[in-house]
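Written below as structure tokens is the structure these notes are about.
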Amino acid sequence: PYFVPGLILVLISVISAIIFLRSLVLSDLSLTIPLLSLTPIFSSFFSYLILNETLKKIEYFGILIIVLGTLILYAEKFEIKSIFKSFKVISLNLGARLMILVSVLWSITPIFDKICLNYTSVNMHGLIQSFGMLLFLLIISRKDLTNLNKIYKNSGLIIITLCVGTIATVLQFYSVLENYVAIMEAIKRTLGQTCAVLFGFLIFKKKINLQKIVGVIILSTGVFFIL
């Protein structure tokens, strides 16, 4: 029973990772990363179709509030016209359209995680998925493996990224077992956007202005409605 959803999950994870990186290359981070906040909307749709998870009306409202907060957070200017102009910019930008596709794919992965975890433990599921993704990525990237010098030079950053990613993935496995997928995704994306503002200030000295404060408050309000 695990094999089919497990294989689908590996394929989706590999494909979405490649598209994600391609999107980052093609477009500005400020345009593409906020689009990941659309994931809870897609999750609520697919989790209803596949898992029969139905949210309350107030929880759907909370998810929409979170998307609005993200649009405000990353709008070019703190104006209604600028916020809605984002939709036009997105439609004309290939990198942005690719990131929307990533949002769709990432909304499906926790659903298949939840299905797979019915047949195995969290540790075994993580091991199988990691090995499967590694195998596929090695096959796809076999030509690039000849240049190991770049990998060695950035080994420290790669190890830190792997550790953080592993911890985050394991925590997501436990979270998806205890919550509806759409709610888990909504909280995850809200925390991600809020932390981006905070760490941007602490590490990169990015200013926190009224627009960012309002965006974070609206994000938090959205989470309040779904909890």
Side-chain angles (χ1 to χ4, degrees), residues 1-26 32-33 35-53 94-95 97-148 150-151 154-155 157-189 191-192:
Y2 179 92
F3 179 76
V4 174
L7 180 60
I8 293 172
L9 185 54
V10 169
L11 292 174
I12 291 175
S13 298
V14 171
I15 292 169
S16 61
I18 293 170
I19 297 173
F20 174 77
L21 295 174
R22 181 62 178 163
S23 174
L24 295 184
V25 170
L26 291 174
T32 54
I33 294 299
L35 295 173
L36 293 176
S37 66
L38 296 174
T39 306
I41 293 179
F42 298 128
S43 287
S44 64
F45 174 72
F46 289 118
S47 62
Y48 172 74
L49 287 182
I50 300 172
L51 300 176
N52 198 30
E53 292 184 348
L94 176 59
R97 296 201 301 270
L98 287 175
M99 193 60 80
I100 291 176
L101 177 57
V102 172
S103 292
V104 173
L105 293 173
W106 281 4
S107 72
I108 298 172
T109 53
I111 294 172
F112 279 94
D113 279 327
K114 198 163 191 174
I115 294 171
C116 289
L117 289 168
N118 288 323
Y119 305 109
T120 187
S121 66
V122 168
N123 292 338
M124 185 57 68
H125 176 58
L127 180 63
I128 294 171
Q129 289 299 309
S130 298
F131 180 76
M133 288 182 64
L134 177 62
L135 186 61
F136 271 97
L137 288 171
L138 285 175
I139 294 170
I140 295 170
S141 309
R142 58 186 182 280
K143 291 182 180 179
D144 298 323
L145 293 175
T146 54
N147 192 2
L148 295 174
K150 283 186 178 180
I151 297 175
N154 297 288
S155 59
L157 182 60
I158 291 171
I159 291 171
I160 292 172
T161 303
L162 286 172
C163 290
V164 172
T166 300
I167 294 169
T169 301
V170 171
L171 290 174
Q172 177 169 304
F173 290 160
Y174 282 109
S175 177
V176 82
L177 286 172
E178 300 295 332
N179 300 283
Y180 280 175
V181 172
I183 291 178
M184 182 274 294
E185 281 291 338
I187 295 172
K188 182 174 73 173
R189 296 303 164 193
L191 288 173

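These numbers come from a predicted model, not from an experiment.
To the nearest 0.5 Å, atom OH of residue Y174 and atom CE of residue M184 are 15.0 Å apart. Atom CG of L105 sits about 7.5 Å away from atom CD1 of I15, to the nearest 0.5 Å. Atom-to-atom distance recorded for Q129:CD and C116:SG is 5.5 Å, nearest 0.5 angstrom. Between the CD1 atom of I8 and the OG1 atom of T109 there is a distance of 13.0 Å, given to the nearest 0.5 Å. From I111, atom CD1 reaches atom CD of E53 across 7.5 Å, with rounding to the nearest 0.5 Å. Atom CD1 of I128 and atom CG of N123 lie 11.0 Å apart (nearest 0.5 Å).
V176 approaches K114 most closely through the heavy-atom pair O-CE, 3.1 Å. Here the closest non-hydrogen pair linking Y119 and P1 is CE2-CB, 3.3 Å. Here the shortest heavy-atom pairing between V102 and F20 reads CG2-N, 3.6 Å. Shortest non-hydrogen contact noted between L36 and M99 is CD2-SD, 3.7 Å.
A heavy-atom distance below 4.5 Å is not found between the side chains of V104 and L38. Looking only at side-chain heavy atoms (C-beta outward), V10 and L135 stay at 4.5 Å or farther from each other. The side-chain heavy atoms of S107 and E185, taken from C-beta on, include no pair separated by under 4.5 Å.
Take F112 and apply the ring pair (Phe, Tyr, Trp, His ring centres under 6.0 Å) test, not counting sequence neighbours, and it matches no residue. Among residues two or more places apart in sequence or in another chain, the side chain to side chain contact (heavy atoms under 4.5 Å, CB included) test is passed with L191 by I187. Under the side chain to side chain contact (heavy atoms under 4.5 Å, CB included) criterion, R22 pairs with V25, L26, L98, sequence neighbours left out. For Y2, the ring pair (Phe, Tyr, Trp, His ring centres under 6.0 Å) test picks out H125, with sequence neighbours left out.
Formation of a donor-acceptor pair under 3.5 Å by the S103 side chain with backbone atoms of L35 is found in this model. With hydrogens and angles disregarded, a donor-acceptor distance shorter than 3.5 Å links the side chain of S16 to the backbone of S13.
Each side chain to side chain donor-acceptor pair (under 3.5 Å) pair with one or both residues in residues 38-47, not counting sequence neighbours, would appear here, but there are none.
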Solution key, residues 158-168 side-chain donor-acceptor pairs under 3.5 Å, sequence neighbours excluded:
from: T161; atom 1: OG1; to: L157; atom 2: O; distance (Å): 2.8
from: T166; atom 1: OG1; to: L162; atom 2: O; distance (Å): 2.7

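More than 12 heavy atoms of other shown residues, nucleotides or ligands fall within 6.0 angstrom of atom CZ in F42.
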